[in-house]
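For reference, the structure is listed below as structure tokens.
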Amino acid sequence: MDLKANFCIPKEYQEAIFLDFLKKDKLKQFNNQNYTILPGFCDVHVHFREPGFSYKETIFTGAKAAAHGGYSAVCTMPNLKPVPDSYENLKIQLDIINRDSCINIYPYGSISVDEKGKNLSNMEELKPYVCAFSDDGCGLQETSLMKEAMEKAKELDMLIVAHCEDNSLLKGGYIHDGEYARKHNHLGICSKSEYIQIERDCNLAKVTGAKYHVCHISTKESVDIIRNAKKDGINVTCETAPHYLILDESFLQEDGKWKMNPPLRSSEDREALIEGIIDGTIDMIATDHAPHSIEEKSKGLKSSPFGIVGIENSFQVLYTYLVKTNIISFEKLMELLVVNPRKRFNIPLGKDYSIWDLNVNTIIDSNSFLSKGKITPFDGMKVFGEIETMVVNSNICYFNEK
Ligand code: DOR
Ligand code: ZN
């Protein structure tokens, strides 16, 4: 049989995925020009909340949500209970993944014991089971501990992944320290609280030779620092998230759905991030999928927890607002969602692909999410694209039963 669907799979995987697609009778209906076949996306930054906070999300619901978004691989952040700082603690998550996940999940190990920032986790013991080390959710305040972590990571040939945030500069802030905060009397989070730690860590990565990756960058200064560090030959990569590229503080309203950490910054920051995407300073886009209950997120900007969901609409949002607007090419989007994250985190692409109708015009509807988390500022936005099916490891793990 001939392939008639649009096929956007990287060369080296084309044959395996092509044969897998043609073998599946249930997918024959998609073999025409209305449909596009894409490689499984890879999200290096998600919060699936298990063990510890299964009322917000479980590995089962998080994996279903990922499949619904076109993702076949995700890396789960360690701000859990217990924190995966030893094999014993990590094993709880590994067992749930084995039992409940329909996609490929690669957990992080924490950098410090209980993410307290005082002592190093058992990195050596964790190494065979984790994708990298991170204390995401909070910044590592102690320079000496970050240096020790990088030295150990270098020895183990592992990646340090940093949530950069200097607590001494926060002063109770919860949205960007900018125009909206001033006008509406909110406490602001300054840009420096992010970029000062990126600057510190780039220097440490230079000294130690460690592989270093920065989480969810949101400021123009962060882009400049990483651009210069790369020029300087430092082994650094970084991610940003869809909301920092498409939204900024001018969108803010008095509603917890606009609250995440780092916060939505100014339009100049947003433009600098887009520049960073275009010139390759920013290597990948991750969602920071951070589900909380509807009740928790209903407490406004000041009192809601930080975090929004993202994994079920990131592709449509990026396709609509960056590709359809000619800001980046479709190939570039695939580099950001598939090629670069897999390369940096060493995550293979198997028989993992999604099938989309990219011509459909839809409205993002959080009621249709498979995640337990429903809160996102993109809810109600018009986007292009509807997913028909997701295949992971040759198994159909999402199918749109219209
Ligand atoms: O918005 C956020 N939510 N930022 C973080 O750093 C943590 C995350 C969460 O765990 O909810
Ligand atoms: Zn974070």
Side-chain angles (χ1 to χ4, degrees), residues 43-59 61-62 65 74-84 93 107-108 110-112 114-115 117 131-141 146 159-167 170 173-176 189 193-195 197-198 201 212-219 222 238-244 247 249 252 255-265 284-311 314 371-378:
D43 190 345
V44 302
H45 193 140
V46 305
H47 298 271
F48 280 1
R49 308 296 192 202
E50 220 179 4
F53 306 93
S54 50
Y55 70 97
K56 296 177 196 265
E57 189 83 293
T58 61
I59 301 236
T61 56
V74 303
C75 304
T76 47
M77 284 300 178
N79 52 346
L80 302 167
K81 221 171 158 172
V83 170
Q93 191 190 160
Y108 281 91
S110 69
I111 294 174
S112 69
D114 207 25
E115 288 206 354
C131 62
F133 295 100
S134 180
D135 266 10
D136 185 61
C138 36
L140 247 158
Q141 306 305 308
M146 184 51 114
L159 190 58
I160 292 286
V161 174
H163 168 122
C164 287
E165 185 172 24
D166 184 324
N167 293 347
L170 294 180
Y174 44 87
I175 60 170
H176 176 55
I189 302 174
S193 63
E194 173 176 306
Y195 70 74
Q197 274 207 349
I198 300 179
D201 289 357
Y212 175 63
H213 175 84
V214 193
C215 292
H216 45 52
I217 69 166
S218 69
T219 79
S222 306
C238 69
E239 71 195 35
T240 190
H243 38 283
Y244 305 116
L247 310 171
E249 64 169 341
L252 283 179
D255 186 321
K257 73 178 173 187
W258 298 96
K259 181 173 177 181
M260 70 293 287
N261 188 22
L264 296 175
R265 305 277 186 188
M284 60 195 81
I285 299 175
T287 65
D288 197 2
H289 178 80
H292 296 286
S293 73
I294 291 175
E295 207 250 314
E296 288 170 317
K297 288 294 282 179
S298 68
K299 297 184 172 143
L301 287 174
K302 181 158 190 277
S303 304
S304 297
F306 291 107
I308 58 168
V309 295
I311 206 161
S314 51
S371 169
K372 285 193 185 183
K374 308 291 177 196
I375 307 300
T376 162
F378 291 115

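Bear in mind the structure is a predicted one, so any value in this text is a computation, not a measurement. Atoms within each ligand, like the ligands themselves, are counted from 1 in listed order. Positions are given from 1 along the sequence. Heavy atoms only: backbone and side chains are in, while hydrogens, waters and symmetry mates are out.
The shell of residues lying under 4.0 angstrom from ligand 1, judged by heavy atoms, includes H292. The closest approach between any non-hydrogen atom of R49 and ligand 1 is below 4.0 Å.
Of the inter-residue distances, the one linking I189 atom CD1 with I175 atom CD1 reads 8.5 Å to the nearest 0.5 angstrom. Going from atom CG of D114 over to atom CG of N79 covers 11.5 Å, rounded to the nearest 0.5 Å. For the atom pair OG1 of T58 and CZ of F48, the computed distance is 9.0 Å after rounding to the nearest 0.5 Å.
Residue H163: an N/O/S atom is found under 2.8 Å from the Zn ion (ligand 2). Residue contact annotation: D288 places no N/O/S atom under 2.8 Å from the Zn ion (ligand 2). Taking 2.8 Å as the threshold, H216 counts as a candidate ligand of the Zn ion (ligand 2), since one of its N, O or S atoms lies below it.
In this structure, the side chain of K297 engages the main chain of G256 through a donor-acceptor pair within 3.5 Å. For the pair Q141 (side chain) and N167 (backbone), a donor-acceptor distance under 3.5 Å is present. With hydrogens and angles ignored, the 3.5 Å screen pairs no side-chain donor or acceptor of S218 with any backbone N or O of P262.
Partner Y55 forms a side-chain hydrogen bond (donor to acceptor under 3.5 Å, both in side chains) with one of K372, E296, R49 and no other, that one being E296.
If you check which protein heavy atom lies closest to atom 6 (O) of ligand 1, you get H163 CE1, 3.0 Å. Scanning all protein heavy atoms for the shortest distance to atom 2 (C) of ligand 1 gives N261 O, 3.6 Å.
The proximity of H47 to ligand 1, defined as any non-hydrogen pair under 4.0 Å, is limited to the side chain. At a 4.0 Å heavy-atom cut-off, ligand 1 does not touch M77 at all. Contacts of I308 with ligand 1, taken as heavy-atom pairs under 4.0 Å, are absent altogether.
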Item to check | Verdict with reasoning, D136 to H47, per side-chain hydrogen bond (donor to acceptor under 3.5 Å, both in side chains) | outcome: CA-CA 10 Å; D136 185 61; H47 298 271; 3.1 Å; yes
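The A290 neighbourhood of ligand 1 comprises atoms 3 (N), 8 (C), 9 (C), 11 (O), with distances under 4.0 Å to a heavy atom of that residue. Ligand-side atoms of ligand 1 in range of M260: 1 (O), range being under 4.0 angstrom from any heavy atom. Near F306, the atoms of ligand 1 lying under 4.0 angstrom from a non-hydrogen atom of the residue are 1 (O), 2 (C), 3 (N), 11 (O).
Looking only at its N/O/S atoms, D136 has OD1 as the one nearest to the Zn ion (ligand 2).
With 3.5 Å as the limit, one finds no donor-acceptor pair spanning the side chains of D135 and H163.
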